[in-house]
Visitor: 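Please see the structure below; I have some questions.
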Protein chains: 2
Amino acid sequence: MSRHDPELAGDRRLPLYQRLADELRREINAGRWKPGERAPSETWLAEHFEIAPGTARQAIAMLVDEGLLERFRGKGTFVRRPRFDHSLFRFFRFRDRSGENRMPEGRILHREVAPMPDHVAEALGLGADALGIAMSRLRLIGGEPVLAEEIWLPAGPFADFLEIPVGEVGPLLYPVYESACGQLVVSADEALRAEAAGPETARLLQIDAGAPVIVIDRLARGIGGAPLEWRRSRGRADQFHYTTEIR
Amino acid sequence: MSRHDPELAGDRRLPLYQRLADELRREINAGRWKPGERAPSETWLAEHFEIAPGTARQAIAMLVDEGLLERFRGKGTFVRRPRFDHSLFRFFRFRDRSGENRMPEGRILHREVAPMPDHVAEALGLGADALGIAMSRLRLIGGEPVLAEEIWLPAGPFADFLEIPVGEVGPLLYPVYESACGQLVVSADEALRAEAAGPETARLLQIDAGAPVIVIDRLARGIGGAPLEWRRSRGRADQFHYTTEIR
DNA sequence: GTTCTTAAGTTCTCTATAGAACCAGAGATG
DNA sequence: CATCTCTGGTTCTATAGAGAACTTAAGAAC
């Protein structure tokens, strides 16, 4: 946000709070304000743009609803980090033998550089046959497999990821993407469906071929919505239970 | 809402708008304001409870977020009807042969009065072996089966439903519940999972036994959250695709 | 009869202000 | 050293009011 331009951009017929919300959204999507960072206070915004505090507050409320900002009384307003505990994966009942819910460990079975399949390249917004880093990854709880994952990364931005031995990668990949490659995941799209287990999936998950599995495709996005990672995960259908409310 | 009591109930330490929101929520849940009916205007609420218009507005905004009310500029504020187009069923791709999305027709294959299975009685909040109306229903598009449904109703409140010939029931059941039995559905809980098709499901859906199917259990609720209908629907997994966004 | 005008009622936008509630840190006190 | 107090900054709650934007219906004008 330029410091000496107190004019709000956008169509003047739009309400002020809308135009301010658009302005703030631009700052976040452009990555000028990063997740975890502090956003300007209500009073600062009101003075800077010469509007009433209530109007600035209303704009902020919009972005809070959208999940872009979060507010803490007494502390300030901050750019929200994505909440992957809101992922569809939370509807898998992953319990260890004692019945506790646990974060599955991640074991990378295979990693190589290869041309991407068309559907992956398309999802990542790359040309056909673009080079990618392919991984096969198994997630386990108490030694028992719960998810079989197939992951693709664009080879260019993630070249440094290849330098890290697969054995040193912990249960979470996104922090590694950030520290090793400077690639920050800020949002994702997920799609769920079910299918019958193929022979490979059945072997990895130790179930019968043809048994139903839940498939979740995820496209993780970086700043500004640029696709960063494509991932397909499969888990036993009998461990999955999604609930929702209608009104 | 009693006309001569301008005192807001509830813990006085709570914000005014919270207490007003609670009050309005009570009116709706108790069924004193019915879906589609008009709620009091902002100015009326402000005068009646002797609070500022902005405070009344804030309370209404809460209930709008919760999906209980909806506002129309110039017209007023109304108790919202449930939106069953937000059901999980919308993620089934039900196309006819021309590729258009269409409302499936409903064909009741069987209807009888029988003791409920334990899990149904429990979901409906009734004692074990309570009597219920059981239905087997097939939903079709262009003559092709897309959903196989098993439906249970409490026998008492829905006795009049038995008087209606199954052939005269259209594609939607809830309007019939309302007109014939005075039972209004205002919300529902849905749960999704996947399983392998049993022989009966396979026959109804004309797929192979063991093929994956999506199962959606729905508990429809009336005024005040009282359970009205239990329903289990099964559809071909290859027609289902649920998407969501994380941030 | 059709169209236009007016009026009343509603939600929506915006301003301006005041104090409460809360947090973090600096400084005083014991 | 530990605890308390104060202070500045933040969001949150609430008030009061003005006008815009929109809907509906009744009445006027053609």
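Protein chains get the first letters and strands the later ones, always in sequence-line order, with residue 1 at the start of each.
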Visitor: To the nearest angstrom, how far is Leu69(B) atom CG from dC12(C) atom P?
Guide: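 Leu69(B) atom CG is separated from dC12(C) atom P by 12 Å.
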
Visitor: Counting only side-chain heavy atoms from C-beta out, which of dT15(D), dC12(D), dT13(C) sits nearest to Gln58(A)?
Guide: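 In terms of side-chain proximity for Gln58(A), the closest of dT15(D), dC12(D), dT13(C) is dT13(C).
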
Visitor: Mapping Gly74(A) and Ile51(A) to their closest nucleotides on DNA chain C, which lands nearer the 5' end?
Guide: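 Of the two residues, Ile51(A) wins.
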
Visitor: Where is the tightest heavy-atom contact between Ala220(B) and Val185(B), given as atom of each residue plus distance?
Guide: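 That closest heavy-atom pairing would be CB-CG1, 3.9 Å.
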
Visitor: Would you mind reading off the distance between Glu47(A) atom CD and dT15(C) atom P, rounded to a whole angstrom?
Guide: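 That distance rounds to 14 Å.
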
Visitor: So Arg13(A), base contact, sugar-phosphate only, or nothing? Heavy-atom distance under 4.0 Å.
Guide: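 Answer is nothing: Arg13(A) stays at 4.0 Å or more from every strand.
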
Visitor: Between dA21(C) atom P and Leu14(B) atom CG, what is the distance in whole Å?
Guide: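 Roughly 13 Å, once rounded to whole Å.
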
Visitor: For a quick test of reading the model: is some side-chain N or O of Thr77(A) closer than 4.0 Å to OP1 or OP2 of dT11(D)?
Guide: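 Thr77(A) to dT11(D) OP1/OP2: side-chain N or O found under 4.0 Å.
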
Visitor: Applying side-chain contact (heavy atoms from CB on, under 4.5 Å) to Phe92(A) and Ile216(A), what does each step give before you reach the verdict?
Guide: CA-CA 11 Å; Phe92(A) 278 107; Ile216(A) 297 177; 3.9 Å; yes

Visitor: Taking 4.0 Å as the cut-off, does a side-chain nitrogen or oxygen of Arg71(A) come that near to OP1 or OP2 on dC12(D)?
Guide: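 Result: yes.
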
Visitor: Expressed as a whole number of angstroms, how long is the span from Leu20(B):CG to dT13(D):P?
Guide: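 Nearest whole value for this atom pair: 14 Å.
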
Visitor: Give a yes/no on whether any side-chain N or O of Lys75(A) is located under 4.0 angstrom from OP1 or OP2 of dA24(C).
Guide: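 Lys75(A) to dA24(C) OP1/OP2: side-chain N or O found under 4.0 Å.
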
Visitor: In whole Å, I'd like the distance from the CZ atom of Arg12(B) to the P atom of dA14(D).
Guide: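 In whole Å, dA14(D) P lies 13 Å from Arg12(B) CZ.
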
Visitor: For dT13(C), take OP1 and OP2 only and decide whether either is under 4.0 Å from a side-chain N or O of Tyr17(A).
Guide: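 For Tyr17(A), the contact criterion (side-chain N or O under 4.0 Å from OP1 or OP2 of dT13(C)) is met.
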
Visitor: Between dC22(C), dC22(D), dA14(D), which nucleotide gets closest to the side-chain atoms of Arg73(B)?
Guide: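 Selected nucleotide (nearest to the side chain): dC22(D).
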
Visitor: Arg57(A) CZ to dA14(D) P: how many Å, rounded?
Guide: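 It is 11 Å, rounded to the nearest whole Å.
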
Visitor: Over 60° means perpendicular and under 30° means parallel, so classify the ring planes of His48(B) and Trp44(B), tilted if in between.
Guide: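 It falls in the parallel class, under 30°.
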
Visitor: Measure CD/Glu70(A) against C1'/dC12(D) and give the value in whole Å, please.
Guide: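 The answer, rounded to whole Å, is 17 Å.
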
Visitor: Quick one: label Pro53(A) by what it contacts on the DNA or RNA (base, sugar-phosphate, nothing), any heavy atom closer than 4.0 Å.
Guide: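 Contact class for Pro53(A): base.
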
Visitor: Is Tyr242(B) close to Leu192(B) at the side-chain level, that is, under 4.5 Å between some pair of heavy atoms?
Guide: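 No, side chains not in contact.
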
Visitor: Within the structure, does a side-chain N or O atom of Thr55(B) lie under 4.0 Å from either OP1 or OP2 of dT15(D)?
Guide: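 It does, given that an N or O in the side chain of Thr55(B) lies less than 4.0 Å from OP1 or OP2 of dT15(D).
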
Visitor: Tell me which nucleotide among dT10(D), dT10(C), dT13(C) gets nearest to the side chain of Ser41(A).
Guide: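 Selected nucleotide (nearest to the side chain): dT10(D).
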
Visitor: Could you report the tightest heavy-atom contact between Leu20(B) and Ala56(B), atom names first, then the distance?
Guide: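 Where Leu20(B) meets Ala56(B) most closely, the heavy atoms are CD2-CA, 3.7 Å.
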
Visitor: Using atom CG of Leu16(A) as one end and atom P of dG19(D) as the other, report the distance to the nearest whole Å.
Guide: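 Computing the Leu16(A):CG to dG19(D):P distance gives 17 Å.
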
